[in-house]
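Below: one structure, written as structure tokens.
Hydrogens, waters and symmetry mates play no part in the numbers below; they use all other heavy atoms, side chains included. Throughout, numbering of the chain's residues begins at 1 and tracks the sequence.
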Amino acid sequence: MASASGSPNPVVLGCGGISVDYLAAVASFPNPDDKIRSLALKVQGGGNTGNALTAAARLGLRPRIISKVANDAQGRSILSELQTDGVDTSYILVAENGNSPFTYIIVDEQTKTRTCIHTPGSPPMVPEELTKANLSSALDGVDIVYFDVRLHDIALLVAEEASQRKIPILIDAERKREGLDELLNFASYVVCSAKFPQAWTGASSIPVALVSMLSRLPNIKFVIVTLGEKGCLMLERSSTDASEAGEIDAEALFESLEKSIDQSSTIPKCVASKSNLRISADGVSSISGRLLLGTAEVIPPGELVDTTGAGDAFIGAVLYGLCTSMPPERMLPFAARVAGCGCRGLGARTSLPHRADPRLAGY
């Protein structure tokens with residue numbers, strides 16, 4: 001993807017959630033009425049958009065964010081932390097009254113899971129607060145737009161204008177949310193959680209659901225589903241039609257890729273099917289494309305600290321990969337590596353790597 005700004009550091013515009021995270025690590029999740037002590041405490045910026053674009057900034061992109069905070073201690077902390085990481089906060093509205101968004105996160109060291117209790121910001125951002133002049137300015141020179149679907153009515157305004165300017169759009173489909181279906185019609189790329197494809201399509205399996213998503217959404221170039229420690233699965237649409245070729249079942253293709261993965265490798269790998277296959281699902285829908293299976297980084301138990309924001313780190317790396325024209329075979333292991341680095345510290349941003357990090361040298 002050539003940079004729209006002509007700069008070696010492409011620009012990404014994000015619209016969505018930013019917050020403060022209050023993270024407490026505990027030996028194990030408390031029972032009702034228990035009183036326990038934390039093992040570690042950290043106060044840090046959070047929110048899907050804030051985390052993903054912090055990851056992108058550390059990798060070398062120039063992010064901008066459209067969102068809203070209040071003029072309180074949390075809001076000032078959110079802005080300061082983003083600015084320190086090189087994120088342009090000039091399009092973030094600051095309300096004189098109200099409260100900024102914040103989240104309590106309990107990190108269970110025994111199960112390596114986290115529980116989030118979120119308090120939304122108030123007053124919420126409304127479409128009238130995004131002026132045409134600010135929207136136009138925010139999109140000037142932008143190479144890609146990213147939505148986490150938190151501010152869906154604002155995001156729709158941005159998506160319509162970005163589409164007019166032919167700026168590609170990546171959507172984080174974490175779960176079914178209000179406004180998501182409308183936004184998906186503008187999407188060029190989708191990264192989704194493990195449960196989303198089947199929840200959205202009603203399909204019998206993830207491979208079948210991915211075929212169904214690309215069939216329903218003809219503008220999407222690829223969809224990636226993140227599978228946690230099992231890695232990720234990507235269905236990429238071909239630019240040419242494979243109607244002359246015989247059809248291959250999506251589930252059978254997925255199973256063949258699983259068998260070809262090197263299970264002994266601890267670093268992220270990727271295997272891909274042949275290009276331009278006719279991939280079918282349940283004998284109903286089919287698309288021309290290829291399937292790619294990426295593995296996750298195997299993190300030693302003593303190094304795995306917290307999975308908070310791992311999906312956001314993955315998306316930040318995908319944004320970087322798209323803006324720097326990484327082929328998918330390299331982008332998926334790179335994104336998995338960035339996410340793995342992020343799991344080695346308490347909080348979503350503590351251990352996010354910079355592009356010069358030796359662990360990213362091979363990508």
Side-chain angles (χ1 to χ4, degrees), residues 3-21 44-102 120-165 167-172 312 315-316 319-320 323 348-349 352 354:
S3 173
S5 59
S7 165
N9 301 99
V11 179
V12 54
L13 173 66
C15 174
I18 55 177
S19 69
V20 169
D21 289 347
Q44 186 178 74
N48 290 37
T49 292
N51 293 337
L53 295 197
T54 295
R58 293 191 188 180
L59 293 172
L61 300 188
R62 291 188 296 155
R64 304 169 183 167
I65 292 180
I66 293 174
S67 194
K68 185 176 182 178
V69 296
N71 187 17
D72 54 11
Q74 291 96 331
R76 291 188 289 273
S77 173
I78 290 168
L79 296 178
S80 174
E81 195 171 328
L82 290 170
Q83 290 161 3
T84 298
D85 268 306
V87 178
D88 183 347
T89 63
S90 59
Y91 300 99
I92 297 176
L93 297 181
V94 180
E96 280 307 311
N97 299 304
N99 68 273
S100 298
F102 62 93
S122 177
M125 188 174 182
V126 295
E128 293 75 23
E129 291 179 299
L130 181 61
T131 65
K132 289 184 178 180
N134 270 356
L135 174 57
S136 178
S137 176
L139 283 167
D140 283 347
V142 165
D143 296 282
I144 192 166
V145 174
Y146 159 72
F147 300 120
D148 66 10
V149 202
R150 286 305 198 287
L151 306 173
H152 66 274
D153 43 4
I154 313 296
L156 191 57
L157 293 177
V158 180
E160 288 170 346
E161 182 62 24
S163 180
Q164 289 289 323
R165 299 190 187 199
I167 301 172
I169 293 170
L170 184 147
I171 289 180
D172 173 10
D312 302 330
I315 287 175
L319 289 166
Y320 176 84
C323 287
R349 303 182 191 175
L352 287 176
H354 291 80

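- Judged by distance alone, the side chain of Asp148 and the main-chain N or O of Arg150 form a donor-acceptor pair under 3.5 Å.
- Proximity of a side-chain donor or acceptor of Ser67 to a complementary backbone N or O of Gly17 within less than 3.5 Å is not detected.
- Residue Gln164 holds its CD atom at 11.5 Å from CG of Leu139, rounded to the nearest 0.5 Å.
- Atoms CG and CG, from Leu352 and Asp85 in turn, are 8.0 Å apart once rounded to the nearest 0.5 Å.
- Separation of atoms CD1 (Ile167) and CG (Leu13) is listed at 8.0 Å; rounding is to 0.5 Å.
- Residues Tyr91 and Ser137 meet the side-chain proximity criterion, which asks for heavy atoms closer than 4.5 Å.
- Minimum interatomic distance between Val87 and Ala57 (heavy atoms only, all atoms of both residues): CG2-CB, 4.1 Å.
- Counting all heavy atoms, side chain and backbone alike, Leu157 lies closest to Pro127 at CD1-CB, 3.8 Å.
- By the ring-ring contact (aromatic ring centres under 6.0 Å, His included) test, Phe102 pairs with Tyr104, sequence neighbours left out.
- Note on residues 121-134: pairs passing salt bridge (charged side-chain N to carboxylate O under 4.0 Å, His left out), not counting sequence neighbours, are Lys68-Glu129.
- For the atom pair CG (Leu319) and CG (Leu61), the distance works out to 7.0 Å, reported to the nearest 0.5 Å.
- Gln74 contributes no side-chain N or O that, together with a main-chain N or O of Ser100, makes up a donor-acceptor pair within less than 3.5 Å.
- Counting all heavy atoms, side chain and backbone alike, Gly86 lies closest to Pro63 at O-CD, 4.0 Å.
- Considering all non-hydrogen atoms of both residues, Asp172 and Val149 come closest at O-CG2, 3.7 Å.
- Nearest heavy atoms, Leu82 versus Gly50: CD2-O, 4.0 Å.
- When atom types are taken as modelled, the side chain of Asn99 and the backbone of Gly75 share no donor-acceptor pair closer than 3.5 angstrom.
- To the nearest 0.5 angstrom, Thr54 atom OG1 is 11.0 Å from Leu59 atom CG.
- For the pair Ile66 and Ala138, the tightest heavy-atom approach, listed with the atom from each and the gap, is CD1-CB, 4.1 Å.
- You'll find the side chain of Val94 reaches within 4.5 Å of the side chain of Leu79, heavy atoms only.
- Put simply, the side chain of Val145 does not reach to within 4.5 Å of the side chain of Cys15, judged on heavy atoms.
- Remark: Ile78 CD1 to Ile65 CD1 distance equals 10.0 Å, nearest 0.5 Å.
- Glu81 places no side-chain N or O within donor-acceptor distance of the main-chain N or O of Gln44, the cut-off being under 3.5 Å.
- Electrostatic pairing of Asp143 and Arg62 does not count as a salt bridge here, judged by no charged N lying under 4.0 Å from a carboxylate O.
- The main-chain N or O of Ala159 is never found under 3.5 Å from a side-chain atom of Ser163 such that the two would form a donor-acceptor pair.
- Residues that satisfy the ring-ring contact (aromatic ring centres under 6.0 Å, His included) test with Tyr320, not counting sequence neighbours, are Phe334.
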Q: Please report the C-alpha distance between Arg349 and Asp21 in whole Å, then the side-chain angles of each, then the deciding distance to 0.1 Å, and finally whether the side-chain contact (heavy atoms from CB on, under 4.5 Å) criterion is met.
A: CA-CA 10 Å; Arg349 303 182 191 175; Asp21 289 347; over 6 Å; no
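- Put simply, the side chain of Ile18 does not reach to within 4.5 Å of the side chain of Leu53, judged on heavy atoms.
- Within the 3.5 Å criterion, the main-chain N or O of Val11 finds no donor-acceptor partner in the side chain of Arg64.
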